[in-house]
Amino acid sequence: MSYVRDFTDGGMDLKDLLGGKGANLAEMTRMGLPVPPGFTVTTEACRTYLKLGEAPDGLFAEICRHLGDVERAMGRRLGDPDDPLLLSVRSGGKFSMPGMMETILDIGLNDATVEGLAAVSGDDRFAWDCYRRLISMYGSTVAHIPHDLFEQAHAAESDPRRLVAAYKRIFADQTGQEFPQDPQAQLEGAVLAVFRSWNTERARVYRRAEHIPDDLGTAVNIMAMVYGNRGPASGTGVAFTRDPATGARGVYGDYLQNAQGEDVVAGIRDTLPLSRLAELDRRCFDELTAALAALEARYRDLCDVEFTIEEGRLWLLQTRVGKRTAAAAFVIAAQLVDEGVITLDEALLRVDGARLAQLMFPRFDLADAPPPLATGVPASPGAACGRVVFDSRRATETRGPVILVRRETNPDDLPGMLAATGILTSHGGKTSHAAVVARGMGRTCVCGAPIEVDEERREFRAGDVVVAEGDLISVDGATGHVYPGELPVTPSPVVRYFDGAVSADSGPLVSAVARLVGRADAVRRLGVYANADTPEDAARARRFGAAGIGLCRTEHMFLGERRRLVERLIIAQDETEIRAALDALLPLQRADFTRILAAMDGLPVTIRLIDPPLHEFLPSYEDLLGAADDHSRELLTAVRRLRETNPMLGLRGVRLGLLVPGLFAMQVRAIAEAAAERTAAGGRPRPEIMVPLVGDVRELAAVKAEAVQVMEGIFPGIPIGTMIEVPRAALTAGRIASEAEFFSFGTNDLTQMTWGFSRDDVEGSIFPAYLRMGILEESPFETLDQPGIGRLITIAVDEGRRARPDLRIGVCGEHGGDPASIRFFHEAGLDYVSCSPFRVPVACLEAARAALLSPE
Ligand code: ADP
Ligand code: MG
Ligand code: MG
C-alpha cells in the first residue's frame with residue numbers, strides 16, 4: 001500500500017486521493033510551472049489514521065524516502081545545521097474548506113539550524129522570525145496551546161531571539177515538555193495534527209453547512225519552504241485570472257512586499273494591487289501572468305493562485321478554480337463561451353438557479369456607502385434598512401421598518417422576526433434558528449456578526465462604534481455587510497431586464513443572464529408555470545417567461561371589503577340566505593377571473609377552488625369575545641361552531657365544497673362565465689379547475705359531476721383536475737386519475753401531512769435543533785425530501801399515468817422554485833413546475849441544468 005505520491009506523479013483528476021490542493025499542485029508541477037518540490041500524503045492515509053487512531057504501518061518510512069527526493073532537488077537536507085531544508089505541512093481535502101484545517105510552516109528549525117539559516121541567508125532577523133513562527137504554529141496546532149498566549153508575548157517583545165525564548169517558555173509551561181528539537185519528530189507531529197484537524201468541531205460544522213461528507217479525510221501536502229520575507233526583492237500575494245467580484249477580464253490580485261503568505265490573509269499590512277508588481281519586478285510579473293493564462297487554459301475556468309517571490313524568483317504555492325460572486329459566475333461563463341473555451345451548454349452548468357435568485361433581490365446602491373460596521377454570515381438574502389430594536393415586543397410596536405438585533409434568536413422571537421424587515425445576530429451561522437426562520441419567512445438575515453449585543457443597555461458595539469436602539473442601519477443579506485444609516489435600495493438590473501425596462505445589451509451581467517436563460521429555454525424539457533393570484537402577478541409572470549398559471553388561489557379574492565359577504569355566507573341560517581350571499585359574490589369572482597384570463601390570454605390558467613377553513617375569514621375568537629354588538633355576537637356563535645383543534649386537518653378544501661352547498665358551484669359558474677365573456681370579446685381563455693385536498697376519488701367525482709353540470713351551456717369542457725397533497729391521494733392515484741384530467745402536487749401540504757410536521761409550529765423550534773443534531777440536513781419545506789415525499793410522488797406519477805396515459809402532472813408547492821428539488825421533478829417525469837413569478841427564470845435555468853445532467 002502506498003500512501004505517498006510525488007507532485008510529479010499526480011494530476012487534477014486525483015482530487016479524491018490527493019485532495020484539491022495536492023491534485024492541483026501536481027497538475028502545476030506537470031505543466032512545468034515553478035512549484036517548490038514536494039509530495040502528498042493521501043486521504044487514504046488520513047482515513048486509516050482516523051480509524052486506527054495511529055499512523056498506518058510504514059507511513060513515515062515512505063515519507064522519508066520521498067523527503068530524500070526533495071532534499072536532492074533543493075540541494076539541502078532537513079536538520080542540516082549549516083544549510084537546513086525547511087518544510088511546509090499543509091492540509092487539503094477534496095473540497096476546499098478555507099481556513100478550517102491546519103497548516104504548519106518552517107518545519108525543520110531548531111536551536112542549531114536557525115543559526116545555519118541565519119548564516120546562509122545573511123539575515124539573522126529573518127531566521128529567528130521563522131523560528132518563532134514555527135513554535136507558535138506548531139504549539140497551537142500540535143499541542144493546542146491557546147494562540148493568544150503567543151500573541152501577548154509578541155506584543156511585549158520585538159527582538160526575535162528573545163521572542164523565541166519567550167515562545168519556548170510558553171511551550172514548556174503549557175505542555176510540560178521542551179519544544180521538539182528533532183526535525184523528524186516535528187514533521188511526524190505536524191502530519192498527524194493535520195490528519196486530526198479534519199475532525200475539529202469547526203471543520204465538522206463547516207462540512208455540515210456545505211454538505212461535504214464527513215468520511216473523506218484530508219490529504220497532507222509536504223513541500224519545500226520558499227521565503228517571501230527575505231527583503232524587498234521578495235514578497236507574497238494572491239492573483240486571479242479575472243476579477244472574481246465582477247468577472248471583468250484581466251489579472252487581479254494583491255501583493256505584499258517582504259512578507260510570508262499568511263500575512264496577506266491576516267491583513268496585518270496594507271497590500272499593493274498586483275499591477276504594482278509590474279513596476280517592482282517586471283520579470284516575475286510577466287512569468288506570473290503567463291502562468292495564469294496557462295492555468296486558465298488548462299482548467300477552462302477562472303483560477304486563483306497563491307504565489308511567493310523569493311529574491312526575484314517566482315514560486316506558485318497553490319491554485320484552484322476560484323470562488324466568485326453570483327454576478328461574476330454569469331459574466332465569466334458567457335465570456336468563456338465568447339472566447340471559444342466552453343459551449344453554451346457547459347456554461348449552463350457553470351451557473352445555477354440559487355445564484356440567479358441572488359441576482360434578483362433588490363440591492364443596496366453602494367456608490368456613496370460608508371464602510372461596513374461589521375460583516376457576518378450572509379444567511380438570508382435581501383437588502384433591509386430599518387431602526388434597530390432589541391426585542392420582539394419593540395419590533396412589533398415600533399412604526400416603520402425595523403431590524404431585530406439579538407445575540408441569537410429563539411421561538412419567542414417569532415413575532416418580532418415577522419415584524420422586522422431584517423434580522424441581525426452576533427451568534428450562530430447558516431443553520432441557526434435566526435437563519436432558518438428568516439429564510440423561511442423571506443426576511444433578510446445576517447448571523448454571527450462580530451458585534452457585541454447588550455440587550456440590557458439596548459445597544460450594540462461594532463469595533464468602537466456604538467449603535468443604540470432606534471438608530472438606522474442597513475443589512476445586506478447577500479454579502480453579510482452591516483452599514484450605519486439608511487442606504488438607498490435599487491431594483492436588480494436582472495429584474496429590470498425581465499420586466500422589459502432595460503434591454504439585453506445593457507451591460508455584461510444582464511447580457512450574460514439573458515443569453516443563458518435563453519439557452520435554458522431551448523434545452524429544458526420541464527414546463528415552467530407561475531403561481532399568481534392577481535392580474536398584476538400574472539402579467540409579471542408572463543413577462544418573466546411563465547407558460548401559464550399553475551396555481552391561481554381564490555381565497556385572497558375573499559379578503560378586504562368582500563370579507564363582509566363571506567361573513568354573511570358563514571352566519572347564514574338557511575338555504576335562501578346562503579344563496580343570497582353566494583349570488584352577491586358571483587359577479588365579483590367573475591370579474592376577478594376575467595382579468596386574470598385576459599392577462600394570460602392563450603395560456604392555461606389553473607384556478608384552485610377555495611381551500612382554507614372558513615373561520616380564517618372571521619375575526620379571531622379572542623377579539624370577538626370582547627365585542628358587544630349584534631353582528632359580532634353572531635360571528636362569535638359562528639366561530640364557536642367552526643372552531644377546530646387541528647384546522648389544517650379539518651373542514652377545508654374539497655370537504656368545504658361538499659359541505660357548504662353551492663360554494664364550489666358559484667366559483668365554477670364564475671370561471672365559466674368569465675371564459676365565455678373573454679371568448680365573446682375575441683380572447684382565447686384557457687381556464688382549468690383544480691380541486692384541493694382530495695383524498696378519495698369519490699370526493700373528486702362528486703365535485704366534478706356538479707361542475708360539469710354548471711359549466712354546461714356556458715363554457716363546457718373546462719379541464720378538471722386535482723391537487724395531490726393528501727398522502728392518501730398519492731397512494732390511490734390510479735383511482736383518482738380515472739376522474740382527474742391533471743394532477744398538481746401540493747408539496748407543502750404533502751410534506752406537512754406525510755411528516756406530520758405542522759409547518760407553522762416546527763420551523764422555529766424543532767428544525768434548528770434537528771439541523772444541529774444532524775437529523776435533518778435542510779428543511780423539508782425548502783428542499784423536497786426525496787426518500788419520503790419523493791417516493792409518494794413517484795408512486796402517484798406511475799399509477800396516475802398507467803390509469804390515464806395523457807394525464808398532465810405538475811407541482812405547485814414552494815418546491816417548484818427550489819433548485820435542488822427541480823432536478824428531482826425533471827427525473828420523476830413531471831410535465832411542469834409552478835412557482836412564484838420571481839422564481840420563474842430560476843426554475844427555467846434549473847430545469848435546463850436538470851436536462852443536461854440527467855438526459856432522458
Ligand atoms: P490555506 O488553505 O488556509 O490557504 P495553506 O496550506 O495554503 O493554507 O497555507 C497557508 C499559508 O502558507 C499560505 O499563505 C501559503 O501561501 C503559505 N505557504 C504554504 N506552503 C508554503 C511554502 N512551501 N513556502 C512558503 N509559504 C507557504
Ligand atoms: Mg491557501
Ligand atoms: Mg394545500
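Remember, it's 1-based here, ligands and their atoms both numbered in the order they're listed.
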**Report entry** Contact with ligand 1 for Lys21, non-hydrogen, under 4.0 angstrom
**Finding:** yes
**Report entry** Shortest-distance N/O/S atom, Glu306 versus the Mg ion (ligand 2)
**Finding:**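 Closest to the Mg ion (ligand 2) among those atoms: OE2.
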Just by distance, do the side chain of [X] and the backbone of [Y] share a donor-acceptor pair under 3.5 Å?
| X | Y | answer |
| --- | --- | --- |
| Thr113 | Gly108 | yes |
| Gln257 | Pro232 | yes |
| Asn258 | Gly231 | yes |

**Report entry** Where ligand 1 meets Val226 - atom numbers and elements under 4.0 angstrom, heavy-atom basis
**Finding:** 24 (N), 25 (C)
Report summary line: For Met223, the ligand 1 atoms with a heavy-atom partner under 4.0 Å come out as 23 (N)
Query raised in the report: Just by distance, with hydrogens left out, do Tyr49 and Arg196 show a side-chain donor and acceptor under 3.5 Å apart?
Result: yes
Query raised in the report: Of the backbone and side-chain N, O or S atoms of Thr103, does one lie nearer to the Mg ion (ligand 2) than 2.8 Å?
Result: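 Coordinating: no.
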Query raised in the report: Please walk me through it: do Thr218 and Met97 pass side-chain contact (heavy atoms from CB on, under 4.5 Å)?
Result: CA-CA 10 Å; Thr218 179; Met97 298 169 50; over 6 Å; no
Requested in this report: For atom 23 (N) of ligand 1, state which one of Ala224, Pro36, Gly228 supplies the nearest heavy atom.
Outcome: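 Of the listed residues, Ala224 has the closest heavy atom.
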Query - Part of Thr103 with heavy atoms under 4.0 Å of ligand 1, whether side chain, backbone, both or neither - result: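 Near ligand 1, Thr103 shows its side chain, while the N, CA, C and O stay back.
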Report task. Measure Leu105 to ligand 1 on non-hydrogen atoms and call it side chain, backbone, both or neither using the 4.0 Å cut-off. Result -> side chain
Mind checking whether [X] has an N or O less than 3.5 Å away from an N or O of ligand 1?
| X | result |
| --- | --- |
| Glu306 | yes |
| Ser91 | no |
| Gln260 | no |

Report task. Scan Leu317, Val70, Leu87, Val89 and name whichever one has a side-chain contact (heavy atoms from CB on, under 4.5 Å) with Met223. Result ->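 The residue from Leu317, Val70, Leu87, Val89 that satisfies side-chain contact (heavy atoms from CB on, under 4.5 Å) with Met223 turns out to be Leu317.
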Query - From CA spacing to verdict: side-chain contact (heavy atoms from CB on, under 4.5 Å), Arg169, Phe179 - result: CA-CA 9 Å; Arg169 266 197 309 279; Phe179 177 74; over 6 Å; no
Query - Heavy-atom neighbours of Arg207 CZ exceed 12 at 6.0 Å - result: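 Atom CZ in Arg207 is crowded, with more than 12 foreign heavy atoms closer than 6.0 Å.
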